[in-house]
Protein chains: 2
Amino acid sequence: MSQARERGIPDATVARLPLYLRALNGLAERGTATVSSEDLAVAAGVNSAKLRKDLSHLGSYGTRGVGYDVQYLIYQISRELGLTQDWAVAIVGVGNLGRALANYGGFVSRGFRVAALFDADTAVVGERLVGMAVDHIDQLESVIDKRGVSIVVIATPAAAAQQVADRVIAAGVTSILNFAPAVLTVPGGVDVRKVDLSTELQILAFHEQRKADRETGSPMMAGDWAEAMDV
Amino acid sequence: MSQARERGIPDATVARLPLYLRALNGLAERGTATVSSEDLAVAAGVNSAKLRKDLSHLGSYGTRGVGYDVQYLIYQISRELGLTQDWAVAIVGVGNLGRALANYGGFVSRGFRVAALFDADTAVVGERLVGMAVDHIDQLESVIDKRGVSIVVIATPAAAAQQVADRVIAAGVTSILNFAPAVLTVPGGVDVRKVDLSTELQILAFHEQRKADRETGSPMMAGDWAEAMDV
DNA sequence: TCTTGTGAATAGATTCACAGCT
DNA sequence: AGCTGTGAATCTATTCACAAGA
């Protein structure tokens with residue numbers, strides 16, 4: 001060991017740890033006790049040098065000439081990610097998406113627990129879902145406080161997202177996962193992660209178009225934008 | 001103009017173009033005709049130098065001393081992303097998540113169209129959703145071909161994801177958006193983007209834990225992992 | 001005077017390649 | 001003999017800071 005664990009694991013590394021964890025869980029299920037960086041890298045779909053460097057930021061948990069102990073590495077990554085404790089998660093917005101998220105099998109992978117559901121529609125309030133009754137959005141602050149919610153998932157329409165964010169932040173929440181297609185403005189110290197279907201589709205469309213251009217060899221002319229846009 | 005548009009827009013830039021597009025659409029709705037890089041950067045939540053450099057990769061579409069024409073920039077970004085044409089999208093897996101995606105308002109933002117829905121459950125096949133009948137997964141290849149599907153969204157359980165991917169790739173699809181919590185292995189030339197709730201939650205948990213550690217000043221001891229894991 | 005577009009500087013991430021340990 | 005851990009090299013992205021254009 002040497003420089004590991006002092007301060008700060010690179011963001012790019014943190015973003016890959018869940019991937020490694022999933023690959024490791026797959027190996028563990030199949031009874032694998034030990035794995036080399038090369039094999040784990042293949043299972044996770046990354047380059048093995050990158051994998052080793054990523055893991056080296058957590059500490060020196062491998063054995064030269066042998067590889068990594070699967071169970072031990074699962075534990076170390078889980079601990080680093082904070083999954084050895086339980087996080088109470090609230091879902092705001094129980095529409096199609098909110099329901100899907102609440103029911104999502106992988107949602108409550110070890111470490112997370114749906115602790116509250118909120119909606120503004122009184123027709124939905126009181127309904128039970130994954131063993132939880134839906135609360136009215138008026139109760140947002142008090143329920144968050146009472147149930148110790150520390151992560152909020154926003155699954156409301158875009159128009160409501162910012163005000164939900166403002167309220168949960170005022171209630172002390174500093175971690176938000178936003179599914180609404182809106183840019184959230186938050187004070188420093190609050191982490192927001194965004195999941196956005198249309199962004200992802202647009203990125204795919206870009207590459208798809210590139211592939212099509214490459215095949216036909218037509219790099220697309222600028223064209224008359226005013227006409228195309230009906231401006 | 002000078003080096004713009006020759007070959008290759010950086011990936012990081014491509015990933016931000018949808019964000020700019022959304023911010024621009026918001027401005028357009030409020031009737032704004034012209035915007036400076038500074039104001040647009042604020043609306044998109046990025047640094048203005050980065051925004052200008054990103055846009056410079058598309059070409060020289062601004063006016064010094066003035067800013068960018070909102071409509072014109074919307075058109076240029078849309079064109080670059082391939083949104084001036086229509087993409088036929090298929091959703092495989094009509095469970096909670098698939099339904100949510102199909103109904104997702106922002107889904108069919110300009111440029112995308114749900115052209116097919118598939119499920120393996122015969123109880124679901126035939127059901128109508130957003131004007132489309134659900135087809136049985138047996139029809140996957142023929143329907144993809146007939147309707148010109150070029151982007152496939154996988155919203156199946158993890159166990160089915162790889163085989164769905166294999167089949168749609170064999171049917172000629174080269175762009176996949178994967179919501180199943182599984183690592184997909186695909187041949188070169190196929191683009192896969194992954195959206196994963198548990199990965200995002202885990203990244204938030206990491207930062208949340210860091211914040212908690214910083215406050216209490218206790219950097220968490222290594223502890224007895226064997227005991228914690230029940231190994 | 002204001003704001004873009006961009007070289008130059010800096011920071012960050014990935015990959016290479018091999019010394020060092022088992 | 002095999003595989004990790006890591007410096008060094010490379011590549012990519014971000015930020016600075018200002019010349020040039022409207």
Side-chain angles (χ1 to χ4, degrees), chain A residues 1-20 23-24 27 32-70 72-73 76-77 80 203 206-207, chain B residues 1-20 23-24 27 32-70 72-73 76-77 80 203 206-207:
Chain A
M1 199 199 311
S2 55
Q3 51 73 260
R5 283 315 333 274
E6 272 137 39
R7 258 319 73 189
I9 295 175
D11 284 350
T13 295
V14 173
R16 280 187 296 265
L17 293 179
L19 188 66
Y20 302 154
L24 285 163
L27 291 169
T32 310
T34 289
V35 68
S36 68
S37 63
E38 183 56 37
D39 290 352
L40 181 53
V42 168
V46 304
N47 163 310
S48 71
K50 179 157 46 177
L51 171 70
R52 288 198 301 279
K53 182 143 302 201
D54 282 344
L55 294 183
S56 78
H57 287 112
L58 313 192
S60 204
Y61 298 137
T63 306
R64 289 165 204 241
V66 179
Y68 301 89
D69 181 285
V70 172
Y72 185 55
L73 196 51
Q76 289 299 346
I77 294 178
E80 197 60 57
I203 294 169
F206 171 84
H207 292 293
Chain B
M1 201 200 308
S2 54
Q3 49 72 259
R5 287 309 338 271
E6 273 136 38
R7 261 317 74 191
I9 295 173
D11 284 349
T13 295
V14 172
R16 281 187 296 264
L17 292 178
L19 189 66
Y20 303 153
L24 284 163
L27 292 168
T32 310
T34 288
V35 69
S36 69
S37 64
E38 183 55 36
D39 291 352
L40 182 53
V42 169
V46 303
N47 163 310
S48 70
K50 179 158 41 179
L51 171 69
R52 288 199 301 279
K53 178 134 330 202
D54 282 343
L55 295 182
S56 78
H57 287 112
L58 313 192
S60 203
Y61 298 137
T63 307
R64 289 166 201 244
V66 179
Y68 301 89
D69 181 285
V70 172
Y72 185 55
L73 196 50
Q76 289 299 346
I77 294 177
E80 196 60 56
I203 294 169
F206 171 84
H207 292 293

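Sequence lines set the chain letters: A, B, ... in the order given, protein chains first and strands last, and positions in each chain run from 1.
- Following rounding to the nearest Å, B/L58 (CG) and C/dG5 (P) show an atom-to-atom distance of 10 Å.
- Paired with B/L40 under the rule side chain to side chain contact (heavy atoms under 4.5 Å, CB included), one option of B/T32, B/V70, B/V35 passes, and it is B/V35.
- Checking D/dT14, C/dG5, C/dA13 against the side-chain heavy atoms of B/A12 singles out D/dT14 as nearest.
- Residue-to-nucleotide proximity on DNA chain C shows that, of A/G65 and A/R52, the 5′-proximal contact is made by A/R52.
- Contact check for A/H57 versus A/K53: side-chain heavy atoms found under the 4.5 Å cut-off.
- A/T63 has no side-chain polar atom (N or O) that falls below the 4.0 Å cut-off from OP1 or OP2 of D/dT4.
- Sequence order on DNA chain C of the closest nucleotides to B/E38 and A/D54 puts B/E38 first from the 5' end.
- No donor-acceptor contact under 3.5 Å links the side chain of B/R64 to the base of C/dT3.
- Residues B/I9 and A/F206 are in side-chain contact: their nearest non-hydrogen atoms beyond the backbone lie under 4.5 Å apart.
- Closest to the side chain of B/A49, from the set D/dC16, D/dA13, D/dT4, is D/dC16.
- As rounded to whole Å, 17 Å separates atom P of C/dA17 from atom NZ of A/K50.
- For B/S56, the listed nucleotide lying nearest its side chain is C/dG5; candidates were C/dG5, C/dC18, D/dT14.
- Nearest nucleotide to the side chain of A/R16, out of D/dA13, D/dG5, C/dT14: C/dT14.
- OP1 or OP2 of D/dA22 has not a single side-chain nitrogen or oxygen of B/Y68 nearer than 4.0 Å.
- Look at A/K53 and you won't find any side-chain N or O under 4.0 angstrom from OP1 or OP2 of D/dT6.
- Listed nucleotides: C/dC18, C/dT4, C/dA13. Nearest to the side chain of A/D11: C/dA13.
- Taking atom CG of residue B/N47 and atom P of nucleotide C/dG12, one finds them 14 Å apart after rounding to whole Å.
- Considering only heavy atoms from C-beta on, B/Y20 comes within 4.5 Å of B/V46 through its side chain.
- Taking only side-chain nitrogens and oxygens, B/S37 never comes nearer than 4.0 Å to OP1 or OP2 of C/dT3.
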